[in-house]
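This report refers to the structure that appears directly beneath it.
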Amino acid sequence: QVQLVESGGGLVQPGGSLRLSCAASGSIMSLNRMGWYRQAPGKQRELVATITRSGYTNYADSVKGRFTISRDNAVVYLQMNSLLPEDTAVYYCNLYQLYSDYWGQGTQVTVSP
């Protein structure tokens with residue numbers, strides 16, 4: 001089994017910054033991809049960014065240039081700068097390995113004056 005524990009969400013003003021962290025534990029394979037997804041009220045869950053074990057990254061167009069994903073072994077980070085109200089959502093950590101997805105419990109990010 002795999003466990004993902006997120007931290008770092010909260011309330012921030014537009015233009016501000018937040019850093020999310022997610023620590024994975026359990027049966028972690030050497031080849032995996034970690035990432036962040038988000039779900040706003042009334043919308044489907046969407047990709048934010050992913051990063052492979054070798055460091056290859058992929059970003060949603062809406063966050064390119066503002067968000068940066070990084071990882072240190074089994075911990076993945078999401079540095080979010082220049083936050084916009086439309087970034088408000090529950091952010092979920094994801095680990096993909098051996099054709100299976102694992103999810104964290106989610107952390108709320110609210111961008112509001």
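Between the CZ atom of Arg33 and the OH atom of Tyr56 there is a distance of 10.5 Å, given to the nearest 0.5 Å. From Tyr96, atom OH reaches atom CG of Asp101 across 7.0 Å, with rounding to the nearest 0.5 Å. Taken to the nearest 0.5 Å, the OG1 atom of Thr50 stands 4.5 Å off from the CG atom of Asn58. Atom CG of Leu11 and atom CD of Gln13 lie 8.0 Å apart (nearest 0.5 Å).
A distance-only check finds a donor-acceptor pair linking the side chain of Glu6 to the backbone of Gly106 [under 3.5 Å]. Judged purely by atom type and a 3.5 angstrom limit, Arg66 uses its side chain to pair as donor or acceptor with the backbone of Ser82. Within the 3.5 Å criterion, the main-chain N or O of Tyr37 finds no donor-acceptor partner in the side chain of Glu46. Of the possible polar contacts, one joining the Thr88 side chain to the Val111 backbone as a donor-acceptor pair under 3.5 Å is found. Side-chain atoms of Gln97 come within 3.5 Å of backbone atoms of Ser27 as a donor-acceptor pair (strictly under, hydrogens ignored).
Side-chain contact of Thr110 with Ser112: a donor-acceptor pair under 3.5 Å is absent, judged by distance alone.
Under a hydrophobic-cluster definition in which Ile, Leu, Val, Met, Phe, Trp and Tyr are linked whenever side-chain heavy atoms come within less than 4.5 Å, directly or via other members, Tyr92 and Leu18 are assigned to different clusters. Taking hydrophobic clusters as Ile, Leu, Val, Met, Phe, Trp and Tyr residues chained together by side-chain heavy-atom distances below 4.5 Å, Ile51 shares a cluster with Val2. If you chain together hydrophobic residues whose side chains sit under 4.5 Å apart, Tyr102 and Met34 fall into the same group.
Aromatic pair Phe67/Trp36: ring centres not closer than 6.0 Å.
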Test side-chain hydrogen bond (donor to acceptor under 3.5 Å, both in side chains) on Arg45 and Asn94 and set out the steps.
CA-CA 12 Å; Arg45 190 172 298 188; Asn94 171 267; over 6 Å; no
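Within 6.0 Å of the CD atom in Gln44, the count of heavy atoms belonging to other residues, nucleotides or ligands does not exceed 12.
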